[in-house]
Amino acid sequence: MSTAEIQYIETPRPDTGLTNGKIGIWLFLASEVMLFGALFSAYVLLRVGAETWPAGREVLNVWLALLNTVVLISSSVTMVFAWAALLKNDFGGHKKYLALTLLCGLIFLGIKAIEYSGKFSHDLFPSTNNFLAIYFVLTGLHGIHVVGGMIVMLYFLLFGRKNWEQRPTMYTNRIENTGLYWHFVDLVWIFLFPVLYLL
Amino acid sequence: MDPQTATIEEINRHVKLYLGVFAALLVLTAVTVGVAYIDLGHGANIGLALVIATLKASLVGFFFMHLKWERRSVYGLILLTFFFFAGMIGLILGGYWDTPTGTVHDRVAIEIHTTHDDTGGSE
Amino acid sequence: MVASEHSNLSHSLPFWKRYVFSTDHKVIGIQYALTALVFLFIGFLLMMYMRWSIAFPGRPLPEWAAALLGSNSTSGIFGPEFYNQLGAMHGTIMIFLGVVPLAVGGFGNYVVPLQIGAPDMAFPKLNMVSYWSFLTGGVLMLFSFFIEGGAAKSGWTAYPPLAVLDADAGQTIWLIGMVFLITSSLLGAINFIVTIIQLRAPGLHWMRLPFFVWAQLVTAFILLLAFPPLEAAGILQLMDRLADTNFFMPSGLVVSGEIREAAGGGSPLLWQHLFWFLGHPEVYVLILPALGIVAEIIANNSRKPLWGYRSMVYSTLFLGFMSFVVWAHHMYLTGMGTVMNAFFQATTMIISIPSVIILSALIISLWGGSIRFTVPMLFAVAFLPMFGIGGLTGLPLGISTADIHLHDTYYVIGHFHYVVAPGVIFGLFGGIYYWFPKATGRRMSTILGHLHFWPTLICMNVIFMPMFIQGLAGVSRRLYDGGSAYAHAQPVLHWNGVISMAVWTMAIAQLPFVINLFGSLLFGRKVDDNPWESTTLEWTAPSPPPHGNFLELPSAYCGPYEYSQPGDESGFHPQDQPVEGSSA
Amino acid sequence: MRGLVASVAVLMLLVVNSQAGTIKGRVSFEGTAPPEKSMTEAMKSDPNCAALHSSGPEVMTEHYVVAEDGGLKWVFVSITEGLDGKEFDKAAEPVVLDQEGCVYKPHVFGIQVGQDLIVRNSDATLHNVHIIPGRDSKNREMNKGMPFKMDLPPIQFEHPEIPLRFKCDVHRWMFAYCNVVEHPFFATTNETGGFEIKDVPAGDYTLSFWHKKMKDHPVKVTVPAEGEVEANFTYTEEMIPRRGR
């Protein structure tokens, strides 16, 4: 094995038991926790300091958000199935589930677009009050993360086959890591939903 | 289950497990919405919503993100990040709650004198 | 295929792929280092103009100096707005574009893989992306000088509401530039942590890692977890500036005489909390790599293992951990109550302990060593007292009651500049002299080294020591006229001229360094792989190391600093040599 | 193609009636003007300004500067209608606004869009030029400190505005009214109330007479191919804003 090859991409390192990608994605998720954590602390400080703070459900459409929560949770499930299909060497099934996850992402963004245009049409803008401002920033940044995840999945959907055929373990790990990122995005929404819409 | 050496039945068993977790998540989502419409007092509502959200988050984390079968070091990273996350929110709020009251700044702000040209007409 | 075959593979790469868009950690390291040095000199240049306005407010600049400012000065005089731009960009450029990229991007990228026996970083492409994201952020920052209204002028801390009310576009570009810089550091941090954890050579257990690698590991963790909150705050301030939101704009804000009609309800303190949540860990990001470099140089040049290696490692870990809970000592005067002030005062006192442990361990490492005063050793030894002064003068600022008088005075400027200028930058200069032979196969000239070291050391002290005197007299910072409008500043005003003269002489003292750096590329004395007779792994690779670093995979058999072991005539035992009768 | 034809036509228009007339006239004021107030009194608050005026004559505010024959000074006269569609090249030399003796000199002036404005501080004391556009104006607010004798780098305004208010954040009595217009046809009345606007292309226009207290009064006027046209205006007592003393 040549010295120029970077090791532990496919097989985990014996003493740490982890592959490079796995540690990398968990570190990235840690930094994302701090990013959204900062925005949540901004939300809490603004809410605690504000004289009046509208209740989420009066200003926002709870049912659309509920639908979105269901869509995102099911996209998490299809993502896990896409990874499980690879373990069963069923690349066709994998592509189907990956496409399904991508579709759920699109639906999620579609509902988000409906929600946003609804706000704008009632001329509720970020500048209206700090509740809407932090709402747009939190859901907007979350939306950008959804788009980022979808781009990665699209890349695998279109160009994944060659990598799967040459280095199947590496491809499986990549899908698993993308899955970890996607579940994290779902996890952030699980907190966003009650905090913005229900409290 | 070690991805490299898992057998087909093991994987299928896991797939069923994922469906179970999916169902649980949907139920919890319905519960959290339902509970929100019952007014249990502001503090209780927040507490309950956060508990349910944490429950759902740990379900996603343990099963979908395979934390259940993950190495200890990843837990360490999550714990470290959570400690700093909690420290950040706690200390920022601490800074807000601990603001002293009844200080000289609390007196009514000095009447804001308009700086119009007071040596003649008005603008 | 062994590294040498691999290296002729890289010979076949076209020029732009091998040098410009390269994924080799050494090329990226040199790209980071050179770009960072250019930014350091730009930051220094801005400060030289500031010193003119401080020492001689209202006097026109000489012709040749004013030419560089273009339309920012008319007949050689520039007003307070341009001074604020210089001040804000001096801070931003020196920290985010100069020291961090040189310490973490340059030294980290180049030296860490070599010191742990790895062929490259864990994610080479990610490494390249992080450099180019850094360069984009840097170019954006410089570009903001040339737009209408000039660069950001609300300080490198960009406190709202001033930063949000600033109608010029410079602040918006500053924020966008910061987002690029933070993304770059984030990707770099992930790369470092994975490389250090996963790609250590066989036998290189955690306690056999060189201290420099430990310092970079802790720095990477700090970057990973402290930077994102500033990115979030940056996004919030961008929204405040572009979408008229009110995250940081309180209601009832009076702006030029009138109450500002806006939804309000925001809190400027939110920005300060989020900014300083990064701000303080950021200063540990600056100092830790320098401590790592100084430890390597001192161990090598005193021909003796580091004293208390274990205590230094645990102190670094504890320092990294504590750096996240001390930030509000920058905010003692924002009206926080006594409970919070007391908490942050306690954590600030506690965090000074690991720094003192590391510094004492380095000083004790000199004891009983046969010290060779090579040029890197000059910088490393000078680092110790300078960092000492920097650190100790910080204590009064850490105590909230004393901070009432010293907050935002020149005392603060003296304190953190002592840590950063004769501290961190001396460490980085030492690192350049120390690893230059490994990167180029040639040594830098010792005479030019001395010509650079002694004047710079003297000028540094002439510049920063008077600042304490001015600070104690109550001269506040960020004054375009150096305090000449204030009665209480009159007795210490003469120091402004002295400091400014020392600054301009120090600029000249950097010429020997520049000549030395580029001259030695061609005329430096050729050296073998281990000119300093060092023990860490990077010196077992050829200089300059080929793509893939090592001819054959090294493994470690002993600690990083096995110097003058009993019964070992050569006086140093490289880490990759097996020790008789000990486990691998 | 259509855009090209239009611009050629405009160029032709400019070339054809190159000869132009001038508008001359006089602005006067009938009735008793409210008394001026003493500025040196207000200047007592800043020792530097008070020192500048310790010897010289007492400086009065210049709101209603009426000559013996009734001529009214500081009235800004400019063409407001009849010029649309025509472009004018930027004026070459800059307008200089000086701050001397803690007073803006001139404190009512006109400037063309894009023309350089050089703000000068001839006092050795601190002035802080604060340009405050109107609420719905597109000009940018600017706030420049001038701590010693210096000139600011040239400033340009992109959008017409009558008036664009200048104030000094250090001295509450310092005000200047910069009237930004898109064309070079404007003038401010001198001590005798007289003004002159040269080489105005022939045509009918509306002339606006603007006074900082008695505001804006349009007057129709037709400019002959060459030679002069007379355009006078008289402010009367009723036009003084009632709230004023």
Side-chain angles (χ1 to χ4, degrees), chain C residues 52-61 66 69-87 145-150 153-154 161-172 241 254-262 478-487, chain D residues 46-48 93-99 113-114 116-159 161 164-176:
Chain C
W52 175 270
S53 172
I54 290 172
F56 313 117
R59 281 214 341 243
L61 279 159
L69 299 184
S71 74
N72 282 311
S73 81
T74 27
S75 60
I77 303 175
F78 56 84
E81 279 70 37
F82 185 66
Y83 177 84
N84 290 343
Q85 285 177 35
L86 294 175
F145 270 106
F146 302 103
I147 55 163
E148 194 211 342
K153 45 185 178 298
S154 328
L162 175 68
V164 170
L165 291 174
D166 180 353
D168 296 323
Q171 181 65 27
T172 308
R241 282 182 62 81
V254 174
V255 175
S256 59
E258 283 101 29
I259 296 182
R260 180 171 175 273
E261 293 94 12
R478 291 183 173 140
L479 295 177
Y480 65 91
D481 61 358
S484 56
Y486 290 88
Chain D
D46 182 341
N48 303 334
E93 60 338 313
V95 172
V96 177
L97 171 65
D98 194 358
Q99 294 162 92
V113 165
D116 278 356
L117 171 69
I118 297 193
V119 183
R120 171 161 302 147
N121 178 4
S122 310
D123 300 338
T125 175
L126 169 70
H127 288 302
N128 187 321
V129 180
H130 192 165
I131 303 168
I132 310 175
R135 201 158 318 288
D136 36 34
S137 132
K138 295 205 287 292
N139 280 319
R140 253 161 22 93
E141 182 177 3
M142 274 187 236
N143 195 332
K144 305 277 178 187
M146 302 179 77
F148 23 70
K149 277 195 169 72
M150 61 182 277
D151 286 0
L152 282 182
I155 304 170
Q156 295 87 20
F157 301 112
E158 300 314 319
H159 309 282
E161 185 166 352
L164 179 58
R165 275 181 57 230
F166 280 43
K167 77 186 186 80
C168 172
D169 285 348
V170 183
H171 304 115
R172 283 218 317 265
W173 61 84
M174 279 175 76
F175 283 91

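The shown structure was predicted, so the numbers you read here are calculated from the model rather than taken from an experiment. Letters go in sequence order (proteins before strands), and every chain restarts at 1.
Neither the backbone nor the side chain of Phe82(C) comes within contact range of chain D; no heavy atoms are under 4.5 Å apart. For Asn121(D), no part sits under 4.5 Å from any heavy atom of chain C, backbone or side chain. For chain C, no part of Ile118(D) is nearby; none of its heavy atoms comes within less than 4.5 Å.
In this structure, the salt bridge (Lys or Arg N to Asp or Glu O under 4.0 Å) partners of Glu148(C), at least two apart in sequence or on a different chain, are Arg140(D). Applying the ring pair (Phe, Tyr, Trp, His ring centres under 6.0 Å) test to His171(D) and every residue at least two apart in sequence or in another chain returns His127(D), Trp173(D). Partners of Asp98(D) by salt bridge (Lys or Arg N to Asp or Glu O under 4.0 Å), not counting sequence neighbours: none found.
Taking CD of Glu158(D) as the reference point, atom OG of Ser137(D) lies at 11.5 Å (rounded to 0.5 Å). Here the CE-CZ distance, from Met142(D) to Phe157(D), works out to 5.0 Å after rounding to the nearest 0.5 Å. Going from atom CG of Asp169(D) over to atom CD1 of Ile132(D) covers 7.0 Å, rounded to the nearest 0.5 Å.
A salt bridge is defined here as a Lys NZ or Arg NE, NH1 or NH2 lying under 4.0 Å from an Asp or Glu carboxylate O, and Asp168(C) with Lys153(C) meets this definition.
For residues 54-61 of chain C, the interface with chain D (any heavy-atom pair closer than 4.5 Å) comprises Pro57(C), Gly58(C), sorted by residue number.
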